[in-house]
Amino acid sequence: MHIDCDAFYAAVEELDRPELRDVPMAVGKGVLTTCNYHARKFGCRSGMAGFVAMKLCPQLICLPLNFDKYNAKAKEVRTILATYDPRFESASIDEAYLNITEYCNEHHMDPEEAVSQLRAEVHEKTKITVSAGIAANAKLAKIASNRNKPNGQYRIASDRTTIMEFMRNLPTRKVNGVGRVFERELDAIGIKTCGNIYTHRAYLSKLFGEKAFQFLMQCYLGLGRTKIQPAEEYERKSVGTESTFRELSGKTELREKLRHIAEELEKDLERTQHKGRTLVLKVKLHTFEVLTRQSSPPKAVHLSEDLYKYALPMLTKLEKEIPNMKLRLMGLRVTHIVSIKKGGIDFFGLKSRAAPSRSGTPVPKSESGANSDDGEWEVWPEAEFEEAARQEREDEMNELEALSQEHQQLQEQEENGASLKAPLDRQARKPPSPKIEENLNEKEELWNCPICSLPQPADDKIFNSHIDFCLSRQTIKDVVKSTSSPTPTMQLIPRPQSSSNSMPAKRKRGRPRNDGVALEPQAAKRKPFFS
DNA sequence: GCGGATCAG
DNA sequence: ATGGCTGATCCGC
């Protein structure tokens with residue numbers, strides 16, 4: 001199950017100040033972190049800029065954050081969760097995953113009962129209302145907990161039919177790894193819901209990569225992680241700090257800033273008891289373009305002097321690359337970290353459950369069980385997948401068959417022409433003004449469509465529209481239908497190769513774009529989502 | 001391994 | 001057109 005406290009910060013604040021109960025209230029100042037029910041009626045939302053919220057709701061009361069208070073309350077809640085699953089997994093201050101299988105068995109309760117009781121108990125003892133989702137895996141449970149919010153619960157039965165039905169109409173954005181960008185890209189090829197995914201399976205891996213393909217298929221099938229473990233057992237991978245400031249330039253100022261950040265990072269490393277073997281410098285230019293540079297010091301570092309010493313060359317190099325560099329953010333991070341935990345060395349991965357050891361203290365984890373297990377993803381019998389496939393085929397048999405064949409052809413063709421790649425020397429863009437670079441392509445140039453390989457006008461909007469068209473089902477159907485004719489068959493080229501540097505390698509540079517068309521074919525391979 | 005980019009909370 | 005911060009992961013090179 002997944003559990004999510006309702007408007008956590010706001011709820012905690014209300015406990016201290018009952019007079020806020022019936023009035024629009026929000027926590028956070030510049031930006032709302034949470035807001036209560038009354039504020040929401042005015043359209044206030046967490047994550048919203050404070051001034052926008054005030055505009056919507058002038059009588060809104062904004063309170064400053066008080067993390068000590070929230071942490072204390074979170075601890076109360078967790079104490080109760082532990083009695084239902086001692087190995088529950090905190091997902092954030094106000095969210096957790098529990099495996100209540102054992103609890104249900106031992107207490108002879110069905111999941112709904114148990115969760116109902118848990119929620120009642122939390123409410124009674126902490127005065128916090130929570131919403132919960134009950135399902136066969138973490139992904140589904142998380143989605144389900146949002147279904148009856150606030151102060152409600154929702155169960156997705158664990159049989160395949162129910163799960164498939166649930167996913168069928170579920171907007172892709174509801175799934176945890178799908179953000180704004182991916183949602184739009186999926187939408188552009190006609191995928192709005194998880195149920196839509198299967199139909200497009202033939203080219204998903206080509207468009208988004210193998211990982212994303214696997215992820216999407218798991219979305220379609222409603223599969224997800226089933227292993228729930230204490231957050232402390234996840235190994236930290238990096239420690240870093242960064243800060244935004246008003247525009248900054250000048251050698252001295254930048255070095256002062258770097259020095260300061262190095263000192264901050266040293267504190268964090270001290271707190272978490274880590275050293276790092278790789279150092280990453282991050283800057284955001286006044287244009288909002290973000291750059292990172294990394295280096296590997298001769299030894300693992302954690303003292304600010306060393307952090308500064310080894311970061312400085314990267315900064316000076318950037319200064320050379322970018323004349324007149326103006327920054328609005330600087331950050332430093334170490335990766336490939338090693339624990340320098342003193343005392344209490346647990347050679348055998350034994351963990352002292354005693355102290356609620358805050359961050360740090362990553363348990364050496366029972367050995368490099370890297371491969372071990374990994375019930376990362378719930379594994380379903382091949383037969384179930386096949387059954388799903390069969391049912392789907394009943395609906396659109398012809399089309400899918402055709403698609404499948406087409407896909408094979410594409411694969412073959414692609415292998416033939418797979419060697420074209422635009423080197424696109426990065427040095428070519430010396431004056432780092434992505435905007436300008438983009439606008440330079442208006443010449444007589446043409447971009448090749450990655451789908452049909454036909455040259456298209458070198459214009460973002462037109463090109464993207466064309467891609468959308470090329471990827472639309474109708475178009476594919478047409479192509480398939482006329483597949484025996486001499487009509488140009490589809491041909492998939494790995495990357496719209498542009499002989500010159502006409503094709504912007506990273507069009508995402510500069511300000512985020514807002515034109516409705518979002519599909520970026522060449523930037524297509526990437527995908528978040530946790531293992 | 002490096003650098004860019006997305007996502008979550 | 002929402003802001004900033006921290007951390008993780010993916011992808012192409």
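Reminder, nothing fancy here: chain letters follow the sequence lines and each chain counts from 1.
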Novice: Once you round it to whole Å, what is the distance between P of dC2(B) and NZ of Lys282(A)?
Specialist: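 Taking atom P of dC2(B) as the reference, NZ of Lys282(A) is at 18 Å.
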Novice: What does the 5'-to-3' dot-bracket notation of DNA chain B look like when only Watson-Crick and G-U wobble pairs under 3.5 Å count, and pairs to other strands show as |?
Specialist: |||||||||
Novice: Taking only residues two or more places apart in sequence or in another chain, which ones pass side-chain hydrogen bond (donor to acceptor under 3.5 Å, both in side chains) with Thr33(A)?
Specialist: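 By the side-chain hydrogen bond (donor to acceptor under 3.5 Å, both in side chains) rule, Thr33(A) matches no residue at all.
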Novice: Phosphate oxygens OP1/OP2 of dG4(B): is one of them under 4.0 Å from a side-chain N or O of Arg293(A)?
Specialist: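 The answer is yes; a side-chain N or O of Arg293(A) sits under 4.0 Å from OP1 or OP2.
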Novice: Checking the side chain of Ser131(A) only, and the main-chain atoms of Asn151(A) only, is there a donor and an acceptor separated by less than 3.5 Å?
Specialist: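 Yes: the side chain of Ser131(A) pairs with the backbone of Asn151(A).
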Novice: Look at all strands and tell whether Lys142(A) reaches a base, only sugar-phosphate, or nothing, counting heavy atoms closer than 4.0 Å.
Specialist: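 Sugar-phosphate, backbone atoms only, no base.
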Novice: Starting the side chain at C-beta, find the nucleotide from dT9(C), dG1(B), dG9(B) nearest to Lys237(A).
Specialist: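 Of the options given, the side chain of Lys237(A) lies nearest dT9(C).
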Novice: What residues form a side-chain hydrogen bond (donor to acceptor under 3.5 Å, both in side chains) with Lys192(A), not counting sequence neighbours?
Specialist: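 Lys192(A) satisfies side-chain hydrogen bond (donor to acceptor under 3.5 Å, both in side chains) with Asp187(A) once adjacent residues are dropped.
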Novice: Given dC5(C), dC2(B), dG9(B), identify the nucleotide with an atom nearest to the side chain of Ser243(A).
Specialist: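 Of all the options, the side chain of Ser243(A) is nearest to dC5(C).
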Novice: Over how many whole Å does the gap from Arg225(A) atom CZ to dA8(C) atom P extend?
Specialist: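 Nearest whole value for this atom pair: 15 Å.
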Novice: For the side chain of His336(A), starting at C-beta, report the closest nucleotide among dA8(B), dC5(C), dG1(B).
Specialist: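 It is dG1(B).
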Novice: Closer than 4.0 angstrom, basic N to acidic O: yes or no for Lys227(A) and Glu233(A)?
Specialist: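 No, this pair does not count.
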Novice: If you measure from the P atom in dA1(C) to the same atom in dT6(B), how many Å do you get, rounded?
Specialist: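 15 Å, rounded to whole Å.
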Novice: If you only use heavy atoms from C-beta on, which nucleotide in dG3(B), dC5(C), dT2(C) is closest to the side chain of Arg180(A)?
Specialist: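 The closest nucleotide is dT2(C).
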Novice: Applying side-chain hydrogen bond (donor to acceptor under 3.5 Å, both in side chains), name anything that partners Asn66(A), two or more places apart in sequence or on another chain.
Specialist: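 In terms of side-chain hydrogen bond (donor to acceptor under 3.5 Å, both in side chains), with neighbours along the sequence ignored, Asn66(A) is linked to no residue.
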Novice: Does Glu263(A) come within less than 4.0 Å of Lys267(A), counting only side-chain N to carboxylate O?
Specialist: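 Not counted as a salt bridge, because no side-chain N and carboxylate O are separated by less than 4.0 Å.
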Novice: Could you state the CD1-P distance from Ile143(A) to dA8(B), rounded to the nearest angstrom?
Specialist: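 Taking atom P of dA8(B) as the reference, CD1 of Ile143(A) is at 11 Å.
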Novice: Want to settle it: does Lys284(A) or Ser238(A) sit nearer the 5' end of DNA chain C, counting the closest nucleotide to each?
Specialist: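 Per heavy-atom nearest nucleotide, the more 5' residue is Lys284(A).
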Novice: Could you tell me which residues satisfy side chain to side chain contact (heavy atoms under 4.5 Å, CB included) with Val77(A), sequence neighbours excluded, listed by chain and number?
Specialist: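 In terms of side chain to side chain contact (heavy atoms under 4.5 Å, CB included), with neighbours along the sequence ignored, Val77(A) is linked to Leu81(A), Val122(A), Thr126(A).
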Novice: From C-beta outward on Arg328(A), which listed nucleotide comes closest to its side chain: dG7(C), dG4(C), dT6(C)?
Specialist: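 The listed nucleotide nearest to Arg328(A)'s side chain is dG4(C).
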Novice: Separation of Phe51(A) atom CZ from dA1(C) atom P, in whole Å?
Specialist: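 Roughly 13 Å, once rounded to whole Å.
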Novice: Send over the distance from Tyr234(A) OH to dT9(C) C1', rounded to a whole Å.
Specialist: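 Whole-Å distance recorded here is 14 Å.
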Novice: Under the side-chain hydrogen bond (donor to acceptor under 3.5 Å, both in side chains) test, which residues partner Gln294(A), sequence neighbours left out?
Specialist: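 Counting only residues at least two positions away or on another chain, Gln294(A) forms no side-chain hydrogen bond (donor to acceptor under 3.5 Å, both in side chains).
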Novice: Under 4.0 Å between a side-chain N/O of Thr292(A) and OP1 or OP2 of dG4(B), yes or no?
Specialist: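 Thr292(A) to dG4(B) OP1/OP2: side-chain N or O found under 4.0 Å.
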Novice: Between atom CZ in Arg277(A) and atom P in dC2(B), what is the gap in whole Å?
Specialist: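 For the pair Arg277(A) CZ and dC2(B) P, the rounded distance is 11 Å.
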Novice: Applying a 4.0 Å non-hydrogen cut-off, can you work out what Ile93(A) is touching in the nucleic acid: base, sugar-phosphate, or nothing?
Specialist: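 No contact.
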Novice: So does Gly331(A) get a backbone contact from the side chain of Glu242(A), meaning a donor-acceptor N/O pair under 3.5 Å?
Specialist: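 Flag not set: sc Glu242(A) to bb Gly331(A) has no pair under 3.5 Å.
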Novice: Scan Val31(A) against the nucleic acid and name what it touches under 4.0 Å (heavy atoms): base, sugar-phosphate only, or nothing.
Specialist: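 It contacts base atoms.
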Novice: With nearest nucleotides of DNA chain C determined for Met48(A) and Thr244(A) from heavy-atom distances, which residue corresponds to the more 5′ nucleotide?
Specialist: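 By nearest-heavy-atom nucleotide position, the 5'-most residue is Met48(A).
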Novice: Identify which nucleotide among dC2(B), dG7(C), dG9(B) has an atom closest to any side-chain atom of Asn176(A), counting heavy atoms from C-beta outward.
Specialist: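 When the side chain of Asn176(A) is considered, dG9(B) is the closest of dC2(B), dG7(C), dG9(B).
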Novice: Between dA5(B) atom C1' and Phe208(A) atom CZ, what is the distance in whole Å?
Specialist: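 Spelled out: CZ on Phe208(A) to C1' on dA5(B) is 15 Å.
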Novice: Just checking Val280(A): base, sugar-phosphate only, or nothing, at a heavy-atom cut-off of under 4.0 Å?
Specialist: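 Val280(A): no heavy atom of the nucleic acid under 4.0 Å.
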Novice: From the set dC11(C), dT2(C), dG3(B), return the single nucleotide nearest to any side-chain atom of Lys211(A).
Specialist: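 Output: dC11(C).
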Novice: Give the rounded distance in Å between these two atoms: CG of Leu207(A) and P of dC10(C).
Specialist: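 My rounded result for the distance is 19 Å.
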Novice: For dG7(C), does either OP1 or OP2 sit under 4.0 Å from a side-chain N or O belonging to Thr241(A)?
Specialist: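 Answer no for this pair, as no side-chain N or O of Thr241(A) is under 4.0 Å from OP1 or OP2.
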Novice: Side chain of Ser92(A), heavy atoms from C-beta onward: which of dC7(B), dT6(C), dG9(B) has the nearest atom to it?
Specialist: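 Of all the options, the side chain of Ser92(A) is nearest to dG9(B).
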